[in-house]
Amino acid sequence: MSKPSIPQGTRDFSPVVVRKRQYIFNTLRSIFELYGFQPLETPAMENLTTLTGKYGEEGDRLIFKILNNGLHEKNEAGKEKLNTEWNKVLSKAYSSPEVTERALRYDLTIPFARYVVMNQNDIAFPFKRYQMQPVWRADRPQKGRYREFWQCDADVVGSTSLINEAELLCIYQAAFMQLQVPVKIKINSRKLLAAIAELCGTPEKMIDITVALDKLDKIGWDGVTKELRERGIDDDGINKIEKVINVTGDNDARLAALSEIMKDCAIGLEGIKELRTSLCYYDGLSDKSWNGIIEVDISLARGLNYYTGVIVEVVCESDKVKMGSIGGGGRYDDLTGLFGLKGLSGVGISFGIDRIYDVMEELCVFPEQLASGAKVILLNFGGDNEQYAISVLKQLRTAGISAELYPDAAKFDKQMKYANKRNMAYVILPGDEEREKGMVSLKNFLTGEQKMMMLNECIGLLSA
RNA sequence: GAGGUUGUAGCUCAGUUGGUUAGAGCAUCAGAUUGUGGUUCUGAGGGUCGAGGGUUCGAGACCCUUCAUCCUCCCCA
């Protein structure tokens, strides 16, 4: 049995799918450029030491490691050493430079931080970059989760201004407006979550509280209560958290109510002030014709530990589609500190390309013309007619018309069927009669209409 | 890391309590049709039933092992 296959959790993208994906990429790219972001690409592989320890214990296990080449060339002593190291690698989540020194990138953020640190002398800060590349995780694939998937990030480093937060919100707005995906943008601040932990009298349990709160959508308040208890929060604390997450009304009302609850908590007030300022800048920058909403959501936590300020998440708001988060991001105060460059603040957002694709497919919002391929095909009647077809083909392409010639003088029926399957808009039939008259017959494949005409007229028609 | 699902033609899948030579649709190729496509009609090719072992007179079906696959939990995007 030698049926071909592809590795688990990877996908082929057929022509139509690639066109649709490129439509998403192109849309996002043009928006990033409009906002002054610059493109960046980094290698598929990084040094393993760059990646390990950055994603937590769980994350480290999911890094795809690349086997060193030249493993067989060791001398006797080397072989023995390699053998012991190899066994260690096999027995647990462990890595050894003897066996592996490189790994596939796990996300775009750490390579970006690495790039910034390496090029700090050349970069003009604040540095705004966007990056759209595949990343790899040795995770167990399941629905909507792959071992190779694309991330699309936009970050600003080297500025603490909340104008950046507002601009990133605008980018989200513009992107989902253009892609015609109805969304809600949820916004919160890690400082408010820290304030909650402080209110509970357990500031050191902020991570526990955020992890539990993050599940509110999934497991409901009862589930969260249970989880909070397990994580060592007392009833008094839980009551306070309940009070905070039950704050309702529009964003102004929510923030006002929160500042009342947190009036004695400096970090909470700071978080509220930041949210107010960000939303104020956003108000000045945003497109008022957008019909989505931005909502302050105190239960929004985001999994990643490195966020320190404002955090956002985008969820699809259509009745027709059930989909979780399709984007998210936030501010992180010291990401480059991991590589020795301290005090550089950054804020970034990410688009979940694969999920956005699924949502758009479900909502049927891809432009229709993406489906068609080349515009016109010339049938091949062989002999002199083939020569004639080639001269016509050349003139069409010179005129900028996407055209192709059926390469073999196959049966007429077969060529027509091919044209049909390829979704061609037009067919040109350069046969004996056309060649002798120096004309072409152009058939509109949608209407079935066919007419013999001069090539110039044909080019004019196809250029329209 | 834990639990479950499914492996039969290129693709999607039928296949009865275990019973002769394993089927269908789609796709491919040929013909009806030598310059008019999507619809028809006729015919053809194509399978070590994921792999290995076992039970049986007899296994695609039952048992064991193994590999692959998809899904759920954990975690994440």
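Any value given below was found using the heavy atoms of this structure, including those in side chains, with hydrogens, waters and symmetry copies removed. So that the names make sense, note that chain A is the first sequence line, chain B the second, and so on, each numbered from 1.
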Just the rounded figure in Å: distance from [atom2] of [N] to [atom1] of [X].
{"X": "A/I353", "N": "B/C76", "atom1": "CD1", "atom2": "P", "answer": "21 Å"}
{"X": "A/D153", "N": "B/A77", "atom1": "CG", "atom2": "P", "answer": "10 Å"}
{"X": "A/Q133", "N": "B/A77", "atom1": "CD", "atom2": "C1'", "answer": "16 Å"}
{"X": "A/E148", "N": "B/A77", "atom1": "CD", "atom2": "P", "answer": "17 Å"}
{"X": "A/D60", "N": "B/G1", "atom1": "CG", "atom2": "P", "answer": "16 Å"}
{"X": "A/R11", "N": "B/A77", "atom1": "CZ", "atom2": "C1'", "answer": "11 Å"}
{"X": "A/K421", "N": "B/C26", "atom1": "NZ", "atom2": "P", "answer": "13 Å"}
{"X": "A/D214", "N": "B/A77", "atom1": "CG", "atom2": "C1'", "answer": "13 Å"}

Validation row, ring centre A/F13 to ring centre A/W150 under 6.0 Å: yes
Tell me, which stems hold RNA chain B, with a stem being 3 or more Watson-Crick or G-U pairs in a row and both distances under 3.5 Å? B:1-4 with B:70-73, B:10-13 with B:23-26, B:28-32 with B:40-44, B:50-54 with B:62-66
Check: residues 139-146 of chain A side-chain donor-acceptor pairs under 3.5 Å, at least two apart:
| residue | atom | partner | partner atom | Å |
| --- | --- | --- | --- | --- |
| A/D139 | OD2 | A/R145 | NH2 | 2.4 |

Take nucleotides 65-75 of chain B nucleotide by nucleotide from the 5' end and write B, S or -, depending on whether a protein heavy atom sits under 4.0 Å from the base, only from the sugar-phosphate, or from neither. ----SSSSBBB
I need a per-nucleotide contact map over nucleotides 35-40 of chain B, read 5' to 3'. Cutoff is protein heavy atoms under 4.0 Å; write B for the base, S for backbone only, - otherwise. BBBB--
Any side chain to side chain donor-acceptor pair (under 3.5 Å) involving residues 450-464 of chain A? Give me the pairs, sequence neighbours left out, ordered by first then second residue. A/K451-A/E457
If you measure from the Lys or Arg side-chain nitrogens to the Asp or Glu carboxylate oxygens, is any gap between A/K226 and A/D222 under 4.0 Å? no
Please collect all salt bridge (charged side-chain N to carboxylate O under 4.0 Å, His left out) contacts where either partner lies in residues 164-183 of chain A, sequence neighbours excluded, each pair once. A/K128-A/E167, A/E165-A/R331
Mind checking A/Y418 for me? I need base, sugar-phosphate or nothing, with any heavy atom below 4.0 Å counting as a touch. nothing
So do A/V440 and A/M453 actually touch side chain to side chain, heavy atoms under 4.5 Å? yes
Taking the side chain as every heavy atom from C-beta outward, state whether A/R435 and A/Q387 have any atom pair closer than 4.5 Å. no
